2 protein chains.
Amino acid sequence: MVHNDIQTLFAESLNELKLTEKQKAVLNASLKLFSEKGFDRTSTSDIAQLAGVSEGTVYKQFKTKEGILTAIIGPFIQQVMPKAATEFTNEVTHTSYPSFGEFLHAIIKDRMVFALNSMPQLRIILHEVITNQAIATGFSHLFENLIVGPLGQTLKHYQEEKQLVDWPLDRIIRYVATTVMGYVLPAALLHGSVDIEHASREATEFLLKGLKPA
Amino acid sequence: MVHNDIQTLFAESLNELKLTEKQKAVLNASLKLFSEKGFDRTSTSDIAQLAGVSEGTVYKQFKTKEGILTAIIGPFIQQVMPKAATEFTNEVTHTSYPSFGEFLHAIIKDRMVFALNSMPQLRIILHEVITNQAIATGFSHLFENLIVGPLGQTLKHYQEEKQLVDWPLDRIIRYVATTVMGYVLPAALLHGSVDIEHASREATEFLLKGLKPA
DNA sequence: TTTTAATGAGTAAGTCCTCACTCATTAGTA
DNA sequence: TACTAATGAGTGAGGACTTACTCATTAAAA
């Protein structure tokens with residue numbers, strides 16, 4: 001079983017930080033409001049009301065409003081995203097998928113499920129990444145780590161077996177990532193739904209052609 | 001010569017609306033601040049200061065702060081973007097490019113130049129599209145129009161000539177758009193630069209393989 | 001009782017927006 | 001031409017309101 005349940009992972013990372021019930025209530029309320037209205041259009045009194053606590057309690061748990069934001073997307077970026085990525089590629093490698101096509105389909109489906117399950121967090125990050133330079137650079141580091149990590153090793157293996165075109169890995173990952181985004185982003189912004197089964201098969205078909213060895 | 005100079009087109013649309021010098025100053029200041037700090041983190045006094053006018057003047061020209069926003073991205077979405085798209089495909093069609101590869105390369109290069117020249121506007125739209133449902137749906141209509149417009153006709157022609165895979169046009173356009181985005185977005189968010197010559201050739205190579213007829 | 005947790009009215013800073021007023025430019029008059 | 005009247009773009013102090021954040025008071029727990 002692949003670890004693509006982001007909510008479970010998110011909850012785990014919260015437990016690691018030993019959060020109280022009230023803190024979790026504040027965090028969950030903030031997650032909902034930030035992703036719906038954006039950080040700036042969400043007031044701390046809104047958060048307190050939805051969390052069912054007083055505004056004073058909010059500020060007992062978190063020093064500033066910005067602190068709530070980093071408490072949400074910080075662990076998500078630093079732990080959950082790379083964790084989900086590496087745990088995936090540790091289980092699903094060329095040993096379990098001798099065919100690159102099946103591997104590609106598995107990883108695309110996994111990433112689609114991941115993205116659609118963590119829409120609120122991704123919407124917040126999408127909002128912040130434009131104005132917050134630190135978050136943007138954090139993302140680029142994440143992609144660099146993907147290349148030198150288990151995913152990169154697996155892709156190299158398929159290249160050696162002549163199942164995958166001999167291009168630099170960052171180029172290959174770029175195409176896979178953007179193709180998946182092409183299916184997920186519109187649905188996320190228009191609040192639509194995605195037929196993951198159909199979308200992942202379409203995306204795989206296209207990428208397999210585009211990434212076939214010469 | 002292809003019409004990809006977005007600043008010229010933007011200026012034209014401003015002239016059509018017969019804006020005064022002060023109005024342009026307010027609009028330019030707002031464009032800069034909105035794209036750098038975001039709409040909510042930009043105050044009207046900030047705008048007035050950068051534009052070199054009083055806050056009262058700002059509100060003499062535009063009824064509300066929101067009005068400034070729509071004055072910037074409204075014409076951009078409704079006029080400039082489709083205009084730039086259709087004017088391109090009116091000049092650059094299968095008649096001037098018998099090879100689909102050359103056509104694809106031309107259109108990719110054009111879209112990259114367009115995107116990189118209109119970064120400020122696109123950053124604002126990216127910011128708004130998350131919270132503003134109307135803008136998001138406006139974009140989806142724009143894509144629908146692309147399919148039934150001259151671009152769709154041109155693509156159909158290449159399909160009949162067996163130079164392009166026989167997939168639905170929206171699927172093909174999705175892949176082209178996301179692949180271009182894959183090169184432009186990271187540069188935009190990290191404030192980096194793009195070697196358009198190199199990037200457009202890479203993107204074309206990949207898409208040509210992926211969109212080759214069976 | 002003593003200590004800790006929770007409250008929400010209060011605060012100061014900041015927001016968008018208004019409006020009574022100025023004054024350079026233009027139009028009208030003698 | 002010389003003087004007056006009319007105009008409206010431009011001003012900026014201030015109003016009405018919201019915000020993030022605090023702290024004296026109250027409630028709960030040990």
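Order of the sequence lines fixes the chain letters, A, B, ..., with proteins taken first and strands second; residue numbering starts at 1 for each chain. The basis for the numbers below is simple: all heavy atoms, side chains too, and nothing from hydrogens, waters or symmetry mates. Because the structure is a prediction, the values reported are computed rather than measured.
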Q: Rounded to the nearest Å, what distance is computed from the CG atom of residue B:Asp46 to the C1' atom of nucleotide C:dC16?
A: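 In whole Å, C:dC16 C1' lies 13 Å from B:Asp46 CG.
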Q: Do nucleotides 5-10 of chain C as a string where each nucleotide becomes B, S or -: B if the base has a protein heavy atom under 4.0 Å, S if just the sugar-phosphate does, - if no protein is that close.
A: -BBB--
Q: Measure the distance from CZ on B:Phe62 to P on C:dC16 and round it to the nearest whole Å.
A: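 Distance, rounded to whole Å: 15 Å.
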Q: Test A:Leu33 against A:Ser30 for side chain to side chain contact (heavy atoms under 4.5 Å, CB included), laying out the working first.
A: CA-CA 5 Å; A:Leu33 292 171; A:Ser30 302; 6.0 Å; no
Q: To the nearest Å, give me how far apart NZ (B:Lys65) and C1' (D:dC17) are.
A: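 Value for this atom pair: 15 Å.
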Q: B:Arg41 has an atom CZ; how far is it from atom P of C:dC16, in whole Å?
A: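 After rounding, the reported distance stands at 14 Å.
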Q: Salt bridge check: are A:Lys65 and A:Glu55 linked by an N-O gap of less than 4.0 Å?
A: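 So A:Lys65 does not pair with A:Glu55 through a salt bridge.
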Q: To the nearest Å, give me how far apart CG (A:Leu33) and P (D:dA20) are.
A: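 It works out to 12 Å between those atoms.
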Q: Does OP1 or OP2 of C:dC17 have a side-chain N or O of B:Tyr59 closer than 4.0 Å?
A: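 Yes, such a contact exists.
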Q: Without decimals, in angstroms, what is the distance between B:Asp40 CG and D:dT19 P?
A: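 After rounding, the gap between these two atoms is 11 Å.
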Q: Mind checking A:Ser43 for me? I need base, sugar-phosphate or nothing, with any heavy atom below 4.0 Å counting as a touch.
A: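 Counting heavy atoms under 4.0 Å across all strands, the contact made by A:Ser43 is with sugar-phosphate only.
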Q: Got a salt bridge between A:Arg41 and B:Glu128, using NZ or NE/NH1/NH2 to carboxylate O under 4.0 Å?
A: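 Answer for the salt bridge query: yes.
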Q: Can you measure B:Ile68 atom CD1 to C:dT15 atom C1' for me and round it to whole angstrom units?
A: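 In whole Å, C:dT15 C1' lies 14 Å from B:Ile68 CD1.
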Q: Hey, do the aromatic rings of B:Phe206 and A:Phe206 have their centres closer than 6.0 Å?
A: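 B:Phe206 vs A:Phe206: aromatic centres under 6.0 Å.
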Q: For the NZ atom on A:Lys37, are there more than 12 heavy atoms of other groups (residues, nucleotides or ligands in this structure) within a distance under 6.0 Å?
A: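 Yes, NZ of A:Lys37 has more than 12 neighbouring heavy atoms, counting only those of other groups under 6.0 Å.
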Q: Could A:Arg123 and A:Glu36 be called an ion pair, given the rule that one side-chain N must be under 4.0 Å from one carboxylate O?
A: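 Salt bridge between A:Arg123 and A:Glu36, a charged N being under 4.0 Å from a carboxylate O: no.
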Q: Quick one: label A:Thr64 by what it contacts on the DNA or RNA (base, sugar-phosphate, nothing), any heavy atom closer than 4.0 Å.
A: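 Counting heavy atoms under 4.0 Å across all strands, the contact made by A:Thr64 is with sugar-phosphate only.
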Q: In whole angstrom, what separates A:Gln49's CD from D:dT18's P?
A: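 About 14 Å, once rounded to whole Å.
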Q: Between B:Glu205 and A:Arg171, is the closest basic N to carboxylate O distance under 4.0 Å?
A: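 Looking at A:Arg171 and B:Glu205, the cut-off is met.
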